[in-house]
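These notes are about the structure you will find just below.
Just so you know, these numbers use all the heavy atoms, side chains as well, and skip hydrogens, waters and symmetry mates.
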2 protein chains.
Amino acid sequence: MKIFTFDTTLRDGTQGEAISFSVDDKLTIAQKLDELGIDYIEGGWPGSNPKDRDFFERARHLELKHARLTAFGATRFARNPVEEDRNVAALLEAGTPAVSIFGKSWDLHVTRALGIKLEENLKLIADTVKYLKDHGKEVIYDAEHFFDGYTADPAYALQTLAAAKEAGADVLCLCDTNGGTITRRIEEVVSEVRKHFDGIIGIHTHNDAGLAVANTLAAVEAGATHVQGCLNGYGERCGNANLASILANLELKLGHTTIGPEKLASLTSVCRFMAELANMPLPNDQPWVGKSAFAHKGGIHVSAVLKDSATYEHIVPEKVGNRQRVLVSDLSGRSNIMYKLKQHGLADRLDEDSRRALLERIKQMEYEGYELEAAEGTFELLVREALHPGIQFFDVDSYEVSTRAGGSDGSHTTATVTLRAADGVHSATASGHGPFNALHLCLRKCLSKLYPQITDVRLTDYKVRVLDSNKGTAAKVRVLIEWSDHRKSWSTVGVSDNVIEASWKALVDAIRLELMRLTDQDSSIERAVEDYCWGV
Amino acid sequence: MKIFTFDTTLRDGTQGEAISFSVDDKLTIAQKLDELGIDYIEGGWPGSNPKDRDFFERARHLELKHARLTAFGATRFARNPVEEDRNVAALLEAGTPAVSIFGKSWDLHVTRALGIKLEENLKLIADTVKYLKDHGKEVIYDAEHFFDGYTADPAYALQTLAAAKEAGADVLCLCDTNGGTITRRIEEVVSEVRKHFDGIIGIHTHNDAGLAVANTLAAVEAGATHVQGCLNGYGERCGNANLASILANLELKLGHTTIGPEKLASLTSVCRFMAELANMPLPNDQPWVGKSAFAHKGGIHVSAVLKDSATYEHIVPEKVGNRQRVLVSDLSGRSNIMYKLKQHGLADRLDEDSRRALLERIKQMEYEGYELEAAEGTFELLVREALHPGIQFFDVDSYEVSTRAGGSDGSHTTATVTLRAADGVHSATASGHGPFNALHLCLRKCLSKLYPQITDVRLTDYKVRVLDSNKGTAAKVRVLIEWSDHRKSWSTVGVSDNVIEASWKALVDAIRLELMRLTDQDSSIERAVEDYCWGV
């Protein structure tokens, strides 16, 4: 059966403690969710803050292929007629085809939080739904705290749904807002509601009891056909239901249709992309999409899996875009690299010596704290350098960067770089916003005559991680830099006890890589690297 | 009903990708699990590695008050008579009152992984259980892959259980080893097994589909009375069922008895302790015990919770030893901050003007990209500066830092800082591993005579995040630095388009905060901040 999917990362997800997206992030995520084939993307609460209003304004220019953008809001305030309610007006101004509005189902909330009579709440619901329907919107009615409300007073909870339904709501979405309802109870209550109402019933759960995904599946088994959640399970307190797990379970375990098998195969990469934008490392053990989700460590497991994957894998990992990993030892990583190079016909281009040298170099770098799986750019450069021994493009003679500030004035940074290229020695000095910016400008100045193409490369992210934190400010750091041109993106990495030196290494690698790519346009190299590192 | 609890962190938990415990760690954890009131502690697989053998040797000296220590192993090898099987002998040598042994329930595994006939497997099971019973052990029989096996061949799967039962097994534990079974199916199969066998049925689930906790509860509802899991859900691939969530749900949602309400109130602290020993940060959003599990961020949630906690909390957090937190961010009103200051009696120390000034400053900083929720140190400094207007300790006249490198040599960094303190102008120059280290040394040199205590502060983590990545190397960055003294840890934050300046701001805040703390030792300030940010 077709189950409609509704992602609320951009609204409920941002209520997660450490989650914060810029408007640009939100637009990028909306685009990505659309590509994944999500049916509804809840973009924010335009009545609650200027950032969300700004998002909807700019979202008018998004070209979504499939998803319906959805604005979120509350039923009108008790003191306002619906046409004078600013929150409801903001919903219309958002200009989305669909809106979701939440209303109260639980008598405790009506009397304690809103401080109004039970009948009045029914009128708020009906007025608001009707007004939005009259303005041509698809209306998803979110029955906040429905399960708690139903337990406290089943008849009243059903009346609130009836008020929304009779006013024309397209979806009645039952919310376990506090996340404390157990699975059996969800199934019972959804089954009861199903008896009373035709049409689409939705489910929106939270993970406070660790049951959000199971509760969503139970609701679907009891008749819900619209599921809400956040792709990586972000959200207030313990998060919303993890929509990625829900999609995979519905498609692969229960035989329903959500985004379809083809899009499902991009689930892992989309989840990782979201984690990057949220600046939250994706937990290795995240079901379906985590790096360890199909990783085998125990000796018995490993040997059985090598005979037959089904012995210790519940599905074929590629169905969700993930892959098997065998953690026998760090040796497995290196044989994996050769395996990938062979697969792409590159191993033959390396003789025995350069093959061994490449593996040795990788081993040494991993020992120093480089993480090559996360830095496809640096890895690609290693492979290319092994294929073209001797090509250097330039040698750095020296670099220097200095930052100074006086009192409360801003800071000033200046850098100087001297290097030798094919056309001689070049020196350049530049001021920049920071040391990295200044060094980048110097490098570009030195090389731009000989290689005008390098100016295309643009930094898109910059991350610093301390590797051995017990050494205080003298700790070793790893700098990971993400770059992109108009075609794709990649990362380079540098490790040093000096953050400037680590950044410099990653910067020089990025420039060298760009020049290498111009020299040898054999695309099988990039494919082999992407395949190995799971490029962006 | 009494449900028996079985923790396998020390055995199955160690198969998690990043999990590794020393023998000392394992002994400490066993003690802690005993204090928590767990019934069975699976300590390891003595037949599989010397570390586990060593653990059981040393565990003889543990004084457990309640728990039964359990050794894990496999049914005998097909080629060995049971009395000559070294793996089985190791189980006896472990000297534990209970043993758990796993056997095959799935025909695929019998024929593919073991490579023996189906009847022979039944004999391995029966022989091994009987031998261990004859030697006075309590025997928990783990039916590996039971649910997959039952689906493939129900009659054979039941025969394996019968072999164990007839040989005297005390518990028949049904394992969803690959973690891919959905909740409804778990309930169906356990109900079927319940019909065939008296006595204790156990359940052991994995989280590959994100359903492990729900699956365990479903098994209990179908008649299982013995639950296996790992306290923080560690384990191979996506982990074992999270035993902490299981305990809380069984006690607080389903009305069963596990460790009892008094021990349950220490659940959060035991889970954090385990995370420390595993060197894995406890996820903030971990159900029941995470730092964010009862944290409220959305403005509407906050104002409702302040009226009545039950509006957005499914239980009273203290029941599991957790607590409520109210967060500040652009999503919520500034009222949260004042609420915390009031709670700790600090609001009265601020007059109306300084109150407004504090809120304005916080608002401005958040607008610039500071994230105060994550930086309790910087937030505490703001509060302290509002309480003590005019105290500065020192003014920075200037700082300068420069890094230079020649060719392939390493880099050299030198910094100079000039500041004015109560005892005059100080200037210091220092070399460091990197710019941050060098600046830190200069600051300490300048201030150490006047304030010798500041040298106690130690950097423990350093994170850089790009805020507006589309500006390339000129982007704004946020630097978050974690500090600790011998007592506690806290973070400070700096934002700038220059990573050096951002680091400098966070560094100066940390030093100022340390001096502020020496000046005003009113501990209610730290408590208010901790309460707000939950410092470690």
Rounded to the nearest 0.5 angstrom, the CG-OG distance for A:Asp208 and B:Ser245 is 10.5 Å
Close side-chain approach of A:Val464 to B:Tyr462, heavy-atom, < 4.5 Å: yes
Proximal component of A:Ala248, with respect to chain B [non-hydrogen, under 4.5 Å]: neither
Could you check if a side-chain atom of B:Thr183 sits within less than 4.5 angstrom of a side-chain atom of A:Leu217, using non-hydrogen atoms only? no
Residue from B:Gly179, B:Pro435, B:Gly210, B:Ala209 scoring the most non-hydrogen pairs under 4.5 Å with chain A is B:Ala209
Quick check against the 3.5 Å criterion: does A:His145 have a side-chain atom that pairs as donor or acceptor with the backbone of B:Thr311? yes
Nearest heavy-atom approach of A:Arg237 to B:Asp285 is O-CB, 3.6 Å
Rounded to the nearest 0.5 Å, the CD atom of B:Glu187 sits from the CD atom of A:Glu187 at a distance of 8.0 Å
If you define the side chain from C-beta out and look only at heavy atoms, does anything of A:Asn498 sit under 4.5 Å from B:Asn437? no
B:Arg404 CZ to A:Ile500 CD1 distance, which is reported to the nearest 0.5 Å: 12.5 Å
Going by heavy atoms in the side chains, are A:Leu254 and B:Arg184 under 4.5 Å from each other? yes
Quick one: CH2 on B:Trp504 to OG1 on A:Thr403, what's the gap to the nearest 0.5 Å? 12.0 Å
OG-CD distance between B:Ser402 and A:Glu400, expressed to the nearest 0.5 angstrom: 5.0 Å
Name the option with the most non-hydrogen atom pairs under 4.5 Å to chain A; the candidates are B:Val499, B:Val401, B:Thr418. B:Val401
Does any heavy atom of chain B fall under 4.5 Å from the side chain of A:Ile186, the backbone, both, or neither of them? neither
Going from NZ on A:Lys505 to OG on B:Ser411, what distance comes out if it is rounded to the nearest 0.5 angstrom? 8.0 Å
Give me the atom names and distance for the closest heavy-atom approach of B:Lys253 to A:Gly180. NZ-O, 2.7 Å
Measure the shortest side-chain to side-chain distance between B:Leu211 and A:Asn249 over non-hydrogen atoms and say whether it is less than 4.5 angstrom. yes
Out of A:Thr181, A:Ile182, A:Leu114, return the one with the most heavy atom pairs under 4.5 angstrom to chain B. A:Ile182
If you count the non-hydrogen atoms of other residues, nucleotides and ligands that lie under 6.0 Å from CZ in A:Arg185, is the total more than 12? yes
Toward chain B, the part of A:Glu221 with a non-hydrogen atom under 4.5 Å: side chain
Under 3.5 Å, is there a donor on one side chain and an acceptor on the other for B:His433 and A:Asp497? yes
Residue selection (most heavy-atom pairs with chain A, distance under 4.5 Å) from B:Val213, B:Ile481, B:Leu252, B:Asp395: B:Val213
Is the ring centre of A:His109 less than 6.0 Å from the ring centre of B:Tyr312? yes
